Protein chains: 2
Amino acid sequence: MKISELEKRTGINAHTLRYYEKSGLLKASMRSVNNYRIYSEDDLITALFIKRCKECGFSLAQTAALLAIKHDKSLHVCAEAKSITESKLQEISQQIEQLQQMEGTLTELQAYCCGGQESAEFCTIISTLEAGK
Amino acid sequence: MKISELEKRTGINAHTLRYYEKSGLLKASMRSVNNYRIYSEDDLITALFIKRCKECGFSLAQTAALLAIKHDKSLHVCAEAKSITESKLQEISQQIEQLQQMEGTLTELQAYCCGGQESAEFCTIISTLEAGK
DNA sequence: GTTGACCTTAGATGTAGCTCTAAGGTTTAT
DNA sequence: ATAAACCTTAGAGCTACATCTAAGGTCAAC
Ligand SMILES: [Zn+2]
Ligand SMILES: [Zn+2]
Ligand SMILES: [Zn+2]
Ligand SMILES: [Zn+2]
């Protein structure tokens, strides 16, 4: 299939697919006589693999590492795959923690603000940001 | 105080302080005869306000809006401040939700992976990413 | 009187992951 | 035959927020 069909079947933008090729993630397995990229069914599977990696939050570098394992499973061990997912999990839980902290601060910040049309002179949002803690 | 002292007292990099000035967030209230930036105590308060906004996750544009309210409270109303915090809160809870989804997927992904030195041929992490759902 | 710490500016660079443009060649349908 | 829809490349642009560089001016201490 040509690039636009792969785009349709994966939902990945053709520009992005070319970018993935340049990044070493997904190379079309053939070229037509006109130099068009021709993707195989295996390429489609790889593209979907990449998409799922993205949905899990993996960076392109991590995705590349996972792809390398996928492409040559016998040369790799479980520990490699698990260390990638574990570091990602750790990163994610850190981010969640940070966001929850922000959420708490913000909720507190606006808890006593009326949110109405009255002057902001006594707005707790502003005064709390001013005062700090 | 000069820029390096403000840097010390706020923990905000001097480059960043200049950047904030260029972005319209924080202008030194004076210049010395040598054209050095001279910051007042009020400027210090503003810098700390900016820092707290950053800790809450506000973008520079949102921070600028909050600063405008702070600087002229009587011209603004609570509704303005609250709409900023509310949109930020919504954004944050969306991000948290997304991250928790990833966290769940990743946890499931690696639940059955031994993580050991055996071949990745039957690694559930890789096979789950391949299979999708 | 020179070394080193400080200050200025404009503008370049970095991050990550795309997204788009320009300029041109090819294919398909009417 | 010609228009629309596809394809190619190299490289620019985008976001958000800094961070750094180059080239130069100023200041205080020993
Ligand atoms: Zn109010
Ligand atoms: Zn209020
Ligand atoms: Zn295993
Ligand atoms: Zn495994």
Side-chain angles (χ1 to χ4, degrees), chain A residues 1-39 43 47 49-67 84 87-88 91-92 94-95 98-99 102, chain B residues 1-39 43 47 49-67 84 87-88 91-92 94-95 98-99 102:
Chain A
M1 74 195 85
K2 280 182 286 187
I3 200 166
S4 65
E5 195 182 338
L6 188 62
E7 173 176 15
K8 254 176 235 152
R9 289 176 69 176
T10 59
I12 304 172
N13 187 301
H15 284 293
T16 305
L17 288 168
R18 292 192 198 97
Y19 172 72
Y20 284 167
E21 179 169 315
K22 205 161 51 175
S23 308
L25 292 191
L26 173 59
K27 188 170 172 302
S29 51
M30 285 182 51
R31 288 289 182 135
S32 75
V33 282
N34 321 308
N35 201 31
Y36 288 6
R37 288 172 182 82
I38 304 296
Y39 294 95
D43 293 339
F49 185 98
I50 292 170
K51 199 182 181 192
R52 275 175 224 119
C53 286
K54 187 184 165 166
E55 283 161 9
C56 290
F58 290 119
S59 70
L60 295 193
Q62 289 171 322
T63 299
L66 289 167
L67 274 173
I84 293 170
S87 80
K88 188 71 210 171
E91 198 184 309
I92 284 179
Q94 265 175 20
Q95 285 174 358
Q98 199 179 355
L99 285 170
M102 285 180 188
Chain B
M1 74 194 85
K2 281 184 283 187
I3 200 164
S4 65
E5 196 183 337
L6 188 61
E7 172 176 16
K8 255 177 237 154
R9 289 177 67 176
T10 60
I12 304 171
N13 186 300
H15 286 292
T16 305
L17 287 167
R18 291 192 198 99
Y19 171 72
Y20 285 168
E21 178 170 315
K22 204 161 54 175
S23 308
L25 291 192
L26 174 58
K27 191 171 170 298
S29 51
M30 284 183 48
R31 287 290 181 133
S32 74
V33 281
N34 322 308
N35 201 31
Y36 289 6
R37 288 171 180 83
I38 305 295
Y39 295 95
D43 292 339
F49 185 98
I50 292 170
K51 199 181 178 191
R52 275 175 225 118
C53 286
K54 189 184 164 169
E55 283 162 9
C56 289
F58 291 118
S59 69
L60 294 193
Q62 288 172 322
T63 300
L66 289 166
L67 273 174
I84 293 171
S87 80
K88 187 71 212 171
E91 200 184 306
I92 284 178
Q94 265 175 21
Q95 285 174 359
Q98 201 180 351
L99 285 171
M102 285 179 189

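By convention in this document, chain letters (A, B, ...) are assigned in the order of the sequence lines, proteins followed by strands, and residues within each chain are numbered from 1. Source: prediction; values computed, not measured.
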Can you find a side chain N or O atom of T16(A) that sits less than 4.0 Å from OP1 or OP2 on dG17(C)? no
Quick one: which of dG11(D), dC7(C), dG17(C) gets closest to the side chain of S59(A)? dG17(C)
Among dC18(C), dT8(C), dC7(D), find the nucleotide with the atom closest to the side chain of N35(B). dT8(C)
Nucleotide dC17(D), atom P - distance to CZ of F58(B) in whole Å: 12 Å
I want to verify a distance call: between dC18(C), dC20(C), dT8(D), whose nearest atom is closest to the N13(A) side chain? dC20(C)
Nearest whole angstrom, please: distance from the P of dT8(C) to the NZ of K27(B). 13 Å
Would you check, one step at a time, whether the test side chain to side chain contact (heavy atoms under 4.5 Å, CB included) holds for L26(A) with D43(A)? CA-CA 7 Å; L26(A) 173 59; D43(A) 293 339; 4.3 Å; yes
Given dC7(D), is OP1 or OP2 found less than 4.0 Å from the side-chain N or O atoms of S4(A)? yes
Rounding to an integer number of Å, can you tell me how far R31(B) CZ sits from dT9(C) P? 5 Å
Interatomic distance where CG belongs to L17(B) and P belongs to dT9(C) [whole Å]: 13 Å
Within the modelled atom types, does a donor on one side and an acceptor on the other bring the side chain of Y36(A) and the base of dG25(C) under 3.5 Å apart? yes
With a 4.0 Å limit, can you tell me whether Y20(A) has a side-chain N or O closer than that to the phosphate oxygens OP1/OP2 of dC18(C)? yes
Rounded to the nearest 0.5 Å, how far apart are CZ of R37(A) and CG of L17(A)? 9.0 Å
note: I38(B), atom CD1; dC27(D), atom C1'; distance rounded to Å ~ 13 Å
Tell me which nucleotide among dT21(C), dC7(C), dC7(D) gets nearest to the side chain of H15(A). dT21(C)
Within this structure, what is the CD-to-C1' distance between Q62(B) and dC17(D), rounded to whole angstrom? 14 Å
Roughly, in whole Å, what's the span from CD in E21(B) to C1' in dC17(D)? 17 Å
What nucleic acid atoms does R37(A) come within less than 4.0 Å of, heavy atoms only: base, sugar-phosphate, or nothing? sugar-phosphate
Between atom CG in N34(A) and atom P in dG24(C), what is the gap in whole Å? 19 Å
Proximity to the side chain of K22(A) - top-ranked nucleotide from dC7(D), dA18(D), dG11(D): dG11(D)
Which atoms form the tightest heavy-atom contact between I92(B) and M102(A), and what is the distance? CD1-CB, 3.7 Å
Quick note, R18(A) side chain, CB onward, closest among dT9(C), dG17(C), dT8(D) is dT8(D)
Check against side chain to side chain contact (heavy atoms under 4.5 Å, CB included), I3(B) and R18(B): CA-CA 9 Å; I3(B) 200 164; R18(B) 291 192 198 99; 3.7 Å; yes
Test salt bridge (charged side-chain N to carboxylate O under 4.0 Å, His left out) applied to E5(B) and K2(B), R9(B), K8(B), the passing residue: R9(B)
